[in-house]
Enquirer: 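Sharing a structure here in structure tokens format.
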There are 2 protein chains.
Amino acid sequence: MRLTAKGRYAVTAMLDLAVHEDEGPISLADISRRQGISLSYLEQLFAKLRKHELVNSVRGPGGGYQLSRAANQIFVAEIVDSVDENVDATKCSGRADCQHGEMCLSHQLWSELSDQIHQFLAGIDLASIITKREVAQIAARQDAVQERVQEDIIDEIVKIPALAEG
Amino acid sequence: MRLTAKGRYAVTAMLDLAVHEDEGPISLADISRRQGISLSYLEQLFAKLRKHELVNSVRGPGGGYQLSRAANQIFVAEIVDSVDENVDATKCSGRADCQHGEMCLSHQLWSELSDQIHQFLAGIDLASIITKREVAQIAARQDAVQERVQEDIIDEIVKIPALAEG
DNA sequence: CCTATTCCCGACTATTTTAGTCAACTAAAT
DNA sequence: ATTTAGTTGACTAAAATAGTCGGGAATAGG
Ligand code: FES
Ligand code: FES
């Protein structure tokens, strides 16, 4: 099972593209700056994303990358698969033969786990992550507001003479 | 996200203990032979499993390891956690700060994935894995193989001239 | 044309992690 | 006493990861 910074970077970069979807091609330099990922590393990743037809590239000044499809039609599993992070958790790569050609005791467990992970990632598209995130940010802001309000309430309580002196 | 041979070995070894639960303490040498895991490596793993009180040890001749609880009370997640394979898929280890102290675009995704994986592994106990009939069959085959190997070894020893004639 | 920008590509390297080894030691059973 | 088997810590080889470097090739603007 491999799920490391490589896959995280790829998804983050794709999300960046999705967020700036309507601004024409986005250069890797922009993504590098915004997301704090090394430019050279991004080049490696996008070579793979392009081969798997998840992004289109435009060369020359003003060029960059764009999503090849609508953000709600690109799923996280595709991205992770593209950069070659193999989500399979079995030792035998699904061949059920990791022990002298026989299936080992735990094969089925890892096989089921791999399925779970893959299903999970295959069910999430870029657009839905962004939507959720916006909701979360709004929620966080609301929480902050709520805390402020509660502090104000506490301030008011403190000022009530009966309590202040009790 | 870390889920590699280490965790697989630990679970496989624990399954081996569970399968031979009623045969008294099981030596690491037996597990090593049956499951094809290096003895020295097993020592490392069991040191951790013991610290986390998943197994009890018995020293001396006839000694070995036993499950500390019934097989249906030991969950895969505990085993994986014990050998220090950390199932967290986020870069920030859950702190939501991997980008200049801010939450990165994909944090939520990895966080949810980590939860999924952990829940999955926390819901599966050793007994239920074994109950899936196939595992029992594999174990039976492994025992047979072990016996064959031992017979072969005896055969070879018998064929050594110095011994045969001495 | 020239030049700056940007993608494209392959090889290279440093670092970290994994998987596995080794040696010396302690406890218990016969 | 001797042998079996767990206990511990340090060590190492090999692999994977994360990242670098340097030179290209396409293209927009002048
Ligand atoms: S993991 Fe598939 S046979 Fe062992
Ligand atoms: S993975 Fe948690 S903030 Fe980026």
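On a predicted model such as this, the values are computed, not experimentally measured, just so you know. Residue numbers begin at 1 in each chain, while the letters A, B, ... track the order of the sequences.
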Enquirer: With a 4.0 Å limit, can you tell me whether S57(A) has a side-chain N or O closer than that to the phosphate oxygens OP1/OP2 of dC8(C)?
Expert: yes
Enquirer: What does nucleotides 20-30 of chain D look like as a protein-contact string, B for base, S for sugar-phosphate only, - for none, at under 4.0 angstrom between heavy atoms?
Expert: BB----BBB--
Enquirer: Pick base, sugar-phosphate or nothing for Y65(B), based on heavy-atom distances below 4.0 Å to the nucleic acid.
Expert: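 Sugar-phosphate, no base atom in range.
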Enquirer: Any idea which of dG19(D), dT18(C), dC7(C) is nearest the S27(A) side chain?
Expert: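 Within the option list, the nearest is dC7(C).
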Enquirer: Report the distance from atom CZ of R8(B) to atom P of dT17(C), rounded to the nearest whole Å.
Expert: 18 Å
Enquirer: Test your reading of the model: is there a side-chain donor-acceptor pair from S82(B) to the backbone of E78(B), 3.5 Å cut-off?
Expert: yes
Enquirer: Could you check G62(A) against K51(A) and say which one's nearest nucleotide on DNA chain C is further toward the 5' end?
Expert: G62(A)
Enquirer: Got a sec, which residues hit side chain to side chain donor-acceptor pair (under 3.5 Å) with T12(B), two or more places apart in sequence or on another chain?
Expert: S106(A)
Enquirer: Is any side-chain heavy atom of Q66(B) less than 4.5 Å from a side-chain heavy atom of V55(B)?
Expert: no
Enquirer: CD of Q66(A) versus P of dT6(C): gap in Å, rounded?
Expert: 14 Å
Enquirer: Report the distance from atom CD1 of I31(B) to atom P of dA5(D), rounded to the nearest whole Å.
Expert: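 Rounded to the whole Å, the gap is 12 Å.
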Enquirer: Can you check the R50(A) CZ to dG10(C) C1' distance for me, whole Å?
Expert: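 To the nearest whole Å, that distance equals 14 Å.
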Enquirer: Going by ring-ring contact (aromatic ring centres under 6.0 Å, His included), name the pairs with one or both residues in residues 17-49 of chain A, residues two or more places apart or in two chains.
Expert: Y9(A)-Y41(A), F46(A)-Y65(A)
Enquirer: Return the value, rounded to whole Å, for the distance between atom CG of L45(B) and atom P of dT21(C).
Expert: 12 Å
Enquirer: Salt bridge (charged side-chain N to carboxylate O under 4.0 Å, His left out) with E112(A): which residues, sequence neighbours excluded?
Expert: K132(B)
Enquirer: Nearest-Å distance, CD1 (I26(A)) to P (dT5(C))?
Expert: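 Those two atoms, CD1 and P, are 17 Å apart.
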Enquirer: Rounded to whole angstroms, how far apart are CG on L28(B) and P on dT8(D)?
Expert: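 After rounding, the gap between these two atoms is 13 Å.
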Enquirer: Taking only residues two or more places apart in sequence, or in another chain, which ones meet D125(A) in a salt bridge (charged side-chain N to carboxylate O under 4.0 Å, His left out)?
Expert: none
Enquirer: For D30(A), give me all partners under salt bridge (charged side-chain N to carboxylate O under 4.0 Å, His left out), at least two apart in sequence or on another chain.
Expert: R33(A)
Enquirer: Whole angstrom is fine here: how far is it from NZ in K6(A) over to P in dT17(C)?
Expert: 16 Å
Enquirer: Compare side-chain N and O positions of Y9(B) against OP1 and OP2 of dT18(C) and report whether any pair is under 4.0 Å apart.
Expert: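 No.
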